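In what follows, a structure is listed as structure tokens, so that the remarks can point back to it.
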Protein chains: 2
Amino acid sequence: MAIVSRYTIALHILTWLAFWAEKDEFFPSDRIANSVGTSPVFLRRILGQLAKAGLVLVQHGGTGAGWKLARRPEEISLLDVYEAVVQTPLFELHHSQPNPSCIIGNGIQPALQEIYEDSEEALKRRLAQETIKDLVGSSLEHGKR
Amino acid sequence: MAIVSRYTIALHILTWLAFWAEKDEFFPSDRIANSVGTSPVFLRRILGQLAKAGLVLVQHGGTGAGWKLARRPEEISLLDVYEAVVQTPLFELHHSQPNPSCIIGNGIQPALQEIYEDSEEALKRRLAQETIKDLVGSSLEHGKR
DNA sequence: CTCAAAGTAACCGTAACGGTTACATTGAAT
DNA sequence: ATTCAATGTAACCGTTACGGTTACTTTGAG
């Protein structure tokens, strides 16, 4: 299966917050949900992960409660978001253990582990090159048409 | 979620076949299953995909039926296997459509699409650098210890 | 004290995956 | 032509994870 849509949602949230960042308000999850098109509860779950990773700030209680970016958009890379939201490794090894008395079965897991880690690294390096600021620009550019 | 363990299984199969390739026999799915540690039916499903992609040959009927590599191990890259077995894109977009009347909601999907495709490309480029022959060598190396 | 909003637990429907059983089909060998 | 070892495939199952929802508690600014 693929990288969960949760990652897409997280990027959407941050891009939206970045777009409105100049107002320097806290935005409630309901308002963000209006743009993303999903439920506020689901968003809060994700926002909680982003907060733990230090990407957003939360304000509880009273009027004006909600969320805003903890850093400037150009200081949040897509890799930061990936690591905040995706916890599982990209590749799965065998579910049931391979036969250790088979020459190949015995050594293939560490062999795969190496190349899997390298490949995941290649993906992450690419994600590290892009920031939320880039995404705001690109979204506005595409939205025009 | 992660890239399905099916990919790991496919690599295991091909590595195993490559290891025994010098015998130039067809090997039945039951024997391969003995090394991989999973069911022959599951293996045949995957082997079918590998055959469609031209990576293995199949022999039906009678004694000596089974599977073998269609090319030399150094001519099968891990990307070939990936494309034979994984059909879905790596990243998922929104499940429910974002709000098109929101400036960000309107343009974010094509913006994400671009960076998602680039990132998947980065992953694939890395996989293209490794071959089944490399995997045989690396497995034997790790198995020694 | 009020009240808008976050936090959280519980539950649900859906989908995909790995695994298994069962049966039809193939085709080399004799 | 028969045999039979193996593939091909459909059907089904249990488990897991995900997105979505409801309902309730907690927070804390005003």
Side-chain angles (χ1 to χ4, degrees), chain A residues 1-13 17 24-34 36-52 56-68 70 85-98, chain B residues 1-13 17 24-34 36-52 56-68 70 85-98:
Chain A
M1 197 191 315
I3 288 172
V4 285
S5 78
R6 206 183 323 138
Y7 182 53
T8 288
I9 304 297
L11 292 177
H12 191 145
I13 292 172
L17 287 175
D24 198 39
E25 300 172 16
F26 289 90
F27 297 92
S29 57
D30 318 46
R31 261 191 83 188
I32 311 177
N34 179 51
V36 180
T38 186
S39 96
V41 176
F42 184 37
L43 290 195
R44 281 196 298 257
R45 285 207 279 246
I46 296 173
L47 279 159
Q49 294 183 285
L50 297 176
K52 263 184 205 151
V56 298
L57 300 175
V58 58
Q59 175 79 263
H60 292 105
T63 316
W67 308 82
K68 71 172 171 184
V85 159
V86 180
Q87 312 85 347
T88 57
L90 191 53
F91 293 90
E92 278 182 27
L93 287 180
H94 306 64
H95 285 193
S96 47
Q97 211 60 13
Chain B
M1 199 191 315
I3 288 171
V4 284
S5 79
R6 204 184 323 137
Y7 182 54
T8 288
I9 305 298
L11 291 177
H12 191 145
I13 292 172
L17 285 175
D24 198 40
E25 299 174 15
F26 288 89
F27 297 91
S29 56
D30 320 45
R31 260 192 82 188
I32 311 177
N34 179 51
V36 180
T38 186
S39 96
V41 177
F42 184 36
L43 289 194
R44 268 179 272 151
R45 285 207 279 244
I46 296 173
L47 279 159
Q49 295 183 284
L50 298 177
K52 263 184 207 154
V56 297
L57 299 174
V58 58
Q59 175 80 260
H60 293 106
T63 317
W67 310 81
K68 72 170 168 183
V85 158
V86 180
Q87 313 87 345
T88 58
L90 190 53
F91 292 89
E92 279 182 25
L93 288 181
H94 306 65
H95 284 195
S96 46
Q97 211 60 14

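Values in this document were obtained by computation on a predicted structure and should not be read as measured data. Throughout, protein chains are lettered first and strands after them, A, B, ... in sequence-line order, and every chain is numbered starting at 1.
- Evaluation of the side chain to side chain donor-acceptor pair (under 3.5 Å) rule for Thr8(B) yields Tyr116(A) as partners, not counting sequence neighbours.
- To the nearest 0.5 Å, the span separating CD1 on Ile13(B) from CZ on Arg6(B) amounts to 11.5 Å.
- dG7(C) atom P lies 12 Å from atom CG of Leu57(A), rounded to whole Å.
- Atom C1' of nucleotide dA15(C) and atom NE2 of His95(B) are separated by 10 Å, given to the nearest angstrom.
- To the nearest 0.5 Å, atoms CD1 (Ile9(B)) and CG (Leu93(A)) are separated by 9.5 Å.
- Between the C1' atom of dT7(D) and the CG atom of Asp30(B) lies a distance of 10 Å, rounded to the nearest Å.
- Evaluation of the side chain to side chain donor-acceptor pair (under 3.5 Å) rule for Glu25(B) yields no partner, not counting sequence neighbours.
- Taking every side-chain heavy atom of Ser5(B) into account, dG18(C) is the closest of dA6(D), dG18(C), dG8(D).
- Note that NE2 of His12(A) and CG of Leu17(A) are 10.0 Å apart. Values are rounded to the nearest 0.5 Å.
- In this entry the distance linking CZ of Arg31(A) with P of dA6(C) reads 12 Å, nearest Å.
- Note: CZ (Phe27(A)) to P (dA6(C)) measures 12 Å, nearest angstrom.
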Sub-3.5 Å pairs of nitrogen or oxygen atoms, protein against nucleotides 27-30 of chain D:
residue, atom, partner, partner atom, Å
dT27(D), O2, Gly61(A), N, 3.4
dG28(D), N2, Gly62(A), N, 2.8
dG28(D), N3, Gly62(A), N, 3.4

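- Applying the side chain to side chain donor-acceptor pair (under 3.5 Å) test to His60(B) and every residue at least two apart in sequence or in another chain returns nothing.
- For the atom pair Ile32(B) CD1 and Trp67(B) CH2, the distance stands at 8.0 Å (nearest 0.5 Å).
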Taking it one step at a time, do His94(B) and Thr38(A) satisfy side-chain contact (heavy atoms from CB on, under 4.5 Å)? CA-CA 9 Å; His94(B) 306 65; Thr38(A) 186; over 6 Å; no
Evaluation steps, side-chain contact (heavy atoms from CB on, under 4.5 Å), between Leu90(B) and Leu90(A): CA-CA 10 Å; Leu90(B) 190 53; Leu90(A) 191 53; 4.0 Å; yes
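- Rounded to whole Å, the distance from CD1 on Ile32(B) to P on dA5(D) is 18 Å.
- Phe26(A) and Val58(A) get closest at one heavy-atom pair: CE2-C, 4.1 Å.
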Using Watson-Crick or G-U wobble pairs with both distances under 3.5 Å, give me DNA chain C in dot-bracket, 5' to 3', with [ ] for crossers and | for pairs to another strand. ||||||||||||||||||||||||||||||
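- Rounded to an integer number of Å, the gap from Leu93(A) CG to dG18(C) P is 13 Å.
- Within 4.0 Å (heavy atoms only), Gly64(A) reaches no atom of the nucleic acid at all.
- Non-hydrogen atoms lying under 4.0 Å from DNA chain C are contributed by Val41(A), Arg44(A), Arg45(A), all within residues 37-49 of chain A.
- Regarding Glu25(B), its CD atom lies at a distance of 15 Å from the C1' atom of dA5(D), rounded to whole Å.
- Taking all atoms of both residues into account, the shortest heavy-atom contact from Gly37(B) to Ser96(A) is O-OG, 2.7 Å.
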